[in-house]
Structures are given as C-alpha cells and as structure tokens.
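These notes concern the structure reproduced below.
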Amino acid sequence: MTEDLDEIAQRVSAARAATEARGETFYPGASRVHLAAFPPIERWDDWVELSSRAWPAREERHYMLVPTTCFNCESACGLLAYVDRDTRQVRKFEGNPEHPGSRGRNCAKGPATINQVTDPDRVLYPLRRAGRRGEGQWERISWDEALDAIAARIRKALTEQRHNEIMVHMGRPGEDGYTERVLASWGVDGHNSHTNVCSSGGRAGFQFWMGIDRPSPDHEHAKVIYLISAHLEAGHYFNPHAQRITEARQNGAKLIVLDTRLSNTASHADHWLSPHPGSEAAINLAVANHLIQTGRYDRDFVRRWWNWQEYLTECHPTATQTFEQFEQVLKNLYADFTFDFAAAESGVDAAVIAQVAELVAGAGTRLSVHCWRSAAAGNLGGWQVSRTLFLLSALVGAVGTEGGTFPNAWNKFVPRPIHTPPHPSVWQDLSWPAEFPLAQNEMSFLLPHFLKDGRGKLDTYFIRVYNPVWTNPDGLSWMEMLTDETKVGCFVALTPTWNESAYFADYVLPMGHGSERHDTHSYEQYDGQWIGFRQPVLRTARERLGEQVTDTRQVNPGEVWEENEWWTELSWRIDPDGSMGIRRYHESRARPGEKLTVDEYYGWMFEHSVPGLPERAAAQGLTPLQYMRRHGAFEISRGQGALHDREVPASELAGLAVTPAGRVYTRAPAPESPNIVPTGAPAPDGEGRRPVGVMIDGTVRRGFPTPSGRLEFWSSTLAAWGWPEHALPGYIRSHVHPTALKPGQVVLLSTFRLPTQIHTRSANSKWLDELAHTNPVWVHPSDAARLGIARTGDLIRVETEIGYFVAKAWITEGIRPGVVACSHHMGRWKLSGHDEGGVGAMMATVDLRRGDDGWSMHRTRQVGPYQSSDPDTARIWWSDTGVHQNLTFPVHPDPISGMHCWHQAVTVRPAGPGDAHGDIAVDTAQAREVYQRWMEQTRPADRVSPDGTRRPKWLMRPLKPSADAFALPAGSDQ
Ligand code: SF4
C-alpha cells in the first residue's frame, strides 16, 4: 500500500511539473494527493462514468459534481452529489475529498442520502390539520397561508409581551447559530434543544474542568486512546474520528474501550472493559490513583495549570499553601480508589484495570480520551464519568498536545454572521427552571411535566429535526401535552418526513434534506479548524449552468423549502413594516429595505469572517462564496497546539488587574477575531474589566474560560451553588447501582445506537432499513437460563417503573450478566386508521388506546412490501421493525447536569400468553410520580444561588439572555 501511494505521489509530481511547464496552474488539493481515486476537482463540471446498467455497452453518463454536507449525524462529513447533466437530477452521493474532516470517506448513512431525497413517502407540500388534533385529517395549503397564519400568532404574542410562549425545539442542529440568531432577532429566549437527552452528561464533566464542554482528541497521533463511547461505529464525530483511530492503531497505538456491550468498537480494542453500568468513574479514579500514588503524572503541568492554589485556600486554609502540600492532599484524596475497589464496583478484574493504568501511565502527553453519551448519559452522576476521564488527561499533561486532547474551541471555528441581534432580555423558565441552575442544557424532556405543573403554556411551538414523542423518554406524556390545545396553542412540525410527533401537529411543513438546504458548520475532529458548507446541490448545479435560482423551492422536489429562507420570510411577515425592530436583522446590507438572501448571508460571512478564505478564493479567481460552493469546505488552520499556553500580547493588557489566584482582567477591547481563544466566559470584575488570561509563573497566558482561568480540579461553581461534596472529580453511585436494584431486577442499558441508523432522520433510507431494522434485547446466556428464556427470538416482557414493552430476546455473550441492552433507534410506528402514511419501510401500524389504567399500544400491521413510485418498496422482505422502548421510560433528571439518566432498573420475564411483539403499556400517572421523586433531589437556585442569579453567568448557554435576565425574580428565597 505504501509503495502504491509513493507511486501515486510520483505521478502527481510529474503531472504538476508537466502542468506548470505548460504555464498552467496545477491544483494541489486533496483530491489529487492523498486519494487519487477521487475525481479531481478540476473535472467536477463534467465527470464521465460508464453506465453500469448499460453494460456491456459503453454508455457514458456525464455528471456535474457538487459538494454538500451530510445531515445524517453530527459529523457533518463532506458529500459529493453526482448531478446528471442530462436529467438534472442527483444520481448518487459519494464522499468529498476536499473535506478536511472526513477526507472523502463516509459511513453507510452518507450515500444513503439519495434514498431520503427520492423517498416516495416524504412530505412534499405544506399541510394544515383539518380535523381534531391527532385525528389524521389534513389539507394541503400554500406556503403563504402557513406563513401568514403563523406569523400573525407570533406577532400577537410579541406585542402582548408573551415572549416566553414562543419556542423552537431543535433536534440535531446541523448548523452553527442560524436559528439562535433568528430567535434573538425576535427577542425571545425560545431555543430548546435535545441535548439533555443526548450529551449533557458528557459535556458537563468537561465543562467543569475546562470551561468548554467538548473534548477534541487528537487520536491520530496518540499512543494510547481511551474511549468511553463507541467511536468506531456511532460515537460523536465517529467517521472522522474512527478513520484517525484506525490510522493510529496501524502506527502502534493501543486502544482501551469501556463499554458494557461488546460493541463494534469494543471488538477492536486492545483492552475491552465491560463494567457494570455506572461504575466507569470508579475505574477512571483507580487509574488516576495509580498515577498519583506512583508519581507518574506531569508535575509541572499540574503545578502550572490546575487551580490547586484556589482549592487549598478554600478547602485546606490551615495547610501550608504549597504545591508539595497539594500533592500530599491529592494522594490522600484518592487513596481509597484502589484497583480492588474499582473491581468490586465494576466487576472488571483488578489485574485488567492495573494493566490499563500502566498503559495510561506510559502514554505521556499522547493520551487521547473521549466520553460521549454512553455512561455519561445513562447514570445518575454520569457527568462525573467524563470529569474523571479528563482527570487522567490533566494528570499526564495531555491537554493541547500532539496526540492529546484539546478543548473543542481550539479546533472549531464559528464565523460571525452579517447581523448580530442583541441577547434577549427575557428568561424562559420552562427550559431553564430554577431547580437546575447548573443544567448543561435546556431541561427539554421535562416540558410536559412543567406544563402539567401549570408553570406556563406555549402559544406557538416548533419542532425542527426533532421527534419528541419518539426520541424522548415518557413519550406518551408528550403526546398528552401536544394534543392539549390549552397547553400548546399551535404546534408546527418542520420536517421532511412524517414522524410520531408530526401526527399531532397543526402544520406540517416540508423541509429539505442534506442536499436541499444551506448551513455552515465546523466541528473538532483533529487539531485544526475547518468550516463546511451545506448547499442545495441542484440550485448550485443550475447556477453553474448559467440559470438564476432565487428560491430553493425552485429546484427542490414538490414545494420542499430550506429553513434559512423560511425563517427569513417568517421574520419579515412577523414584522412587515419593520416597526418591531425584527426585520432589520433579515434585511440586505447591500440593498437596504430588501430581503436578505442566502447568497448575501453566506457571501458576507465567507468574505468577512473566515480568515484566509478570501485570499485562497482569490488565488483561484473565485469569490469566497464561489469557493465554498465549489469545494464545500475550507481548512482555516492546522496544528493549533496549546492555545491556553499562548502569551497574551501586551497590546491586550491595558488596565491590567490580577486577582490573588492569578486571574487577569483588562480594560483593553476584545480582539477582533472571535476564535483566537475564548477567554471571556467569567463575568467582568467589579471595575468592569473583562477576563483576558491567567498569570502563570509571571507571564500572562490565555488560559481557559473558567472562573479561575485554569483547569478546575476543584470547581468553585459546584461548591458555591450547593454541591460542595461534588466539587472534585469523584464517583457518584448510579441509580442503577447493584445496591439500588430490587430483587430480581437487572439493568437495561438503553443508550446505544446501531451504526447504520440514527433516530428519526435515517429511517426513510431504504438501504439503511434493509441493513438494520430491529432491536432485540441482548441477554447473557446465564441470565437467559435463570429467567427461562429458551432461545434467541423468544418474546420477553421488560417491565420498567411505569409500564412494559414486549420484545424479542437475543441471547449473546456480548453483554455482561445482570445487564440487558436494547438499541434506541427502532420501533417506529404510525397510527392505524390514519391516511398520512409514514415511512413505509420502517413504521409498523399500531392501535393506541387510553384506558383507566393508562395507555396501551398494540401492533395491527407489521411492515411489508407495498407499491409506490419506487419499485424497491415492493421488495421489502422484513417485517420486524423493533420496539419503541423509550415510551416506557420515566424521566430521570440528574440534579446537577440536568441530563436524563437513561438506564433503567427492569424486571425481565418470558412474555405471557396475551403478549405480542411490540406491545407497550404505560401509566403516565406513575410517570408523574417518578418525575416528582427525582425533582426532590434538586437544589433550586432560589435556595442556593450565591449572588441572586438564576445560573452562573460563565456557564455555557445557547442563546444567552442579557445579563439582567439572569437575576432571580423578586420574591424568591434570596
Ligand atoms: S452519517 Fe456517516 S457520512 Fe453522514 S455525517 Fe455521519 S459519519 Fe459522516
């Protein structure tokens, strides 16, 4: 292989020499260098392939290749649309070699975008409810009718000062800040996200350390890779990370994986640890203790970058305030976390944990770590899993080093948009309630309970790339909320396909897939920064052919629109004459008084906010927008290194003030470039100076955006906001710890997904559905024997706190005894007697009833072959589409991070004679009781806030309100 690449490199050199000898410019881009099999970019306007269907005849097909970005997970890999020059339709999608993150490679879900585009069941026209909500009666309407009606509602709510009755609930954002900008322009704190059912637990642990909520591991250069997630198959940014992990392993890196299941990722590990769910932090602390007790940590890094002085001052004020004293305290702090203790908690052999600890000790600064969803999303106190994992990086000094782990902001770039509305001056208590002042993200999954509590109501509620009835726990409480017009006045579903929530909407509005819309994004996938550009590929193809396209609906199927143009149009109709101050954020700068177009929005951004892009574009005779339309992505920098260690220039140090703990404040204005280093998270000091860095050995360095400017081993925030006992990296026993289980109960591990499906978004891909369509429950043979489950495929009943589901068993040694596991991506359903349709290949038809003792769901029809415009739907050979387990889970909000703790203590038994596959029963009254029990664990801001605010201002928050809105309302217990 190496020789082949050498040969290719030689041929490329020869081609360059020949091109330059002709006086022409040779394009040195990715597609000509590292993957010569990709079509070179200079031939993207007319790429010729032979038709496979015409074989053996040599029939040429001419394509225009247009880059875009995959929207089937958060990795945002580059795609190339093959647009047939004759039919002007997309023939297929392959990888974009110009994309620095994915480097031309995709998982199965990327090319399957073509299935979504051609899906015969997709929603093509705006629809309005014609009968009762959820009754299944719809009428086709025009976009104008939908826009006018919705805009009128929002305008009325805003003029009546009911700002908190407008909410947009985001699933996968797939973009950086556009929707938040729209909501800010309306002056509403209406952004809601899915993050507290997804990654908040993982994020919180990193945020308390770094002030930044995501890690950016440099897997490619690591010596040891330590994963508490499934990064080779489904974790965060998994394709870009997986290819780099694979390369590192080819270079000798060792892979440690903590995963209770034998996942695909675990199957590649050098050391696979299968812990009891929730014990992962105990293992991390045993490894940390080994490093500490044997002195195999980076003393100088710890001395310079940890906030140990602050910790000693606050928690050991009578001790000698020296680093040596801190080291002694550190030894005592973790002495109880022996290998034997971790083994007793986790069930993993102590000798195996010792081997892993030795590997970590030998990694030096080339230890890359990641923890996402998984254990951090499954357990009470799961955020301590990522906090203790990063403790290992912080001990060995593998932070911002080659082969180490970076704060994600070092490797991500968010450009400034053309208009920046001010922060809204209101606070949305339905998303950020007082009980959770430290919640990592919006308490989205508690919304039905908050409305049942009578805390408020919603006038207009949007969902967007989101299916709360299906994705969240306790989905039937969501259904009760969405069908109650006194709680939700108008429910708008922005979606490309029917889903379990859209059935209860008032408006279903068709939005585009990944090749039918504009977005920008940038994600931390290696030590560098890039920006990617999603675009409607047929629009770009037609513009390349000289046609003018002014509205994406002109090229999308049916009347499918893109969100950006929709939000602009809606904002104009809310404020038609500009008197509300909204319209100006959606107006052209170049043509005042006219609507902002997507070309101007992105053209301005690429011209003014992306360093290096205008110059690179000019070198190719292109505008920055043309460059992005042509390449699909741009690498801004590579090798960022340890930005926290950079000296702050003297020009930024005017009016310097230094706290006793070394935090440095300045009066100098913030630097122009927003992405140099985010230092400004803490509030200004009493003199109005802003934080600019931290004093390290007499030099002002950028530091981290934490209150101390250092890595926070001890969190003054947790200590001051009511949780001093958890201010250090520690171990919180999970709600599914063995001591919390009732006799006969086992743990249901419910947080994993299959590599070829992702929530609602991918189910309308026939290729993916054929690959993965069901979710049997993993049961260890010893448990199967104990429970009387004879063979794989037998029906079992899994009983939770609020109901049960009936599924098939898969008897496998790939799960540890005492734990069962079920993927959360299956069990899609549509209601019987409805005409809407759904996703024909993946949605079973169900009868859903409400009786005195709660809800019951029963399958009336499995999926099977059917006639449609796609002949493949007549070839569907599967009928089992799995079970919707999430409906049977009550809410479990972690009192600190706010994360829903997904794992369940369940009783598993063979199905009874009346049970059928897919049956579900749920008592939402019991769901209320569980909600109330978990709420009792919280410590509300009005009891614990040290400064009369609702939340520490330095903590991250999407769409942050103005500083005034942080004040607790008058009359709270302050
Ligand atoms: S679904 Fe696959 S191809 Fe698409 S962004 Fe995610 S990893 Fe990349």
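Remember, it's 1-based here, ligands and their atoms both numbered in the order they're listed.
The residues Lys766 and Asp769 are annotated as not salt-bridged, no charged nitrogen and carboxylate oxygen being separated by less than 4.0 angstrom. Salt-bridge formation is not detected for the pair Arg638/Glu220: no Lys NZ or Arg NE/NH1/NH2 atom is positioned less than 4.0 Å from an Asp or Glu carboxylate oxygen.
Heavy-atom minimum distance, Met899 versus Ala377: CE-CB, 3.4 Å.
For Thr260, the side chain to side chain contact (heavy atoms under 4.5 Å, CB included) criterion is met by Ser274, Pro275, Pro277, Glu280, Leu749, Ile815, Arg816, Val819, not counting sequence neighbours.
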Test side-chain hydrogen bond (donor to acceptor under 3.5 Å, both in side chains) on Asp880 and Thr774 and set out the steps.
-> CA-CA 6 Å; Asp880 177 5; Thr774 188; 2.9 Å; yes

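Closer than 4.0 angstrom to ligand 1 by heavy atom are Cys70, Asn72, Cys73, Ser75, Ala76, Cys77, Asn106, Cys107, Lys109, Gly110, Phe238, Asn239, sorted by chain and number.
Between the side chains of Ser216 and Glu524, no donor-acceptor pair of N or O atoms lies under 3.5 Å.
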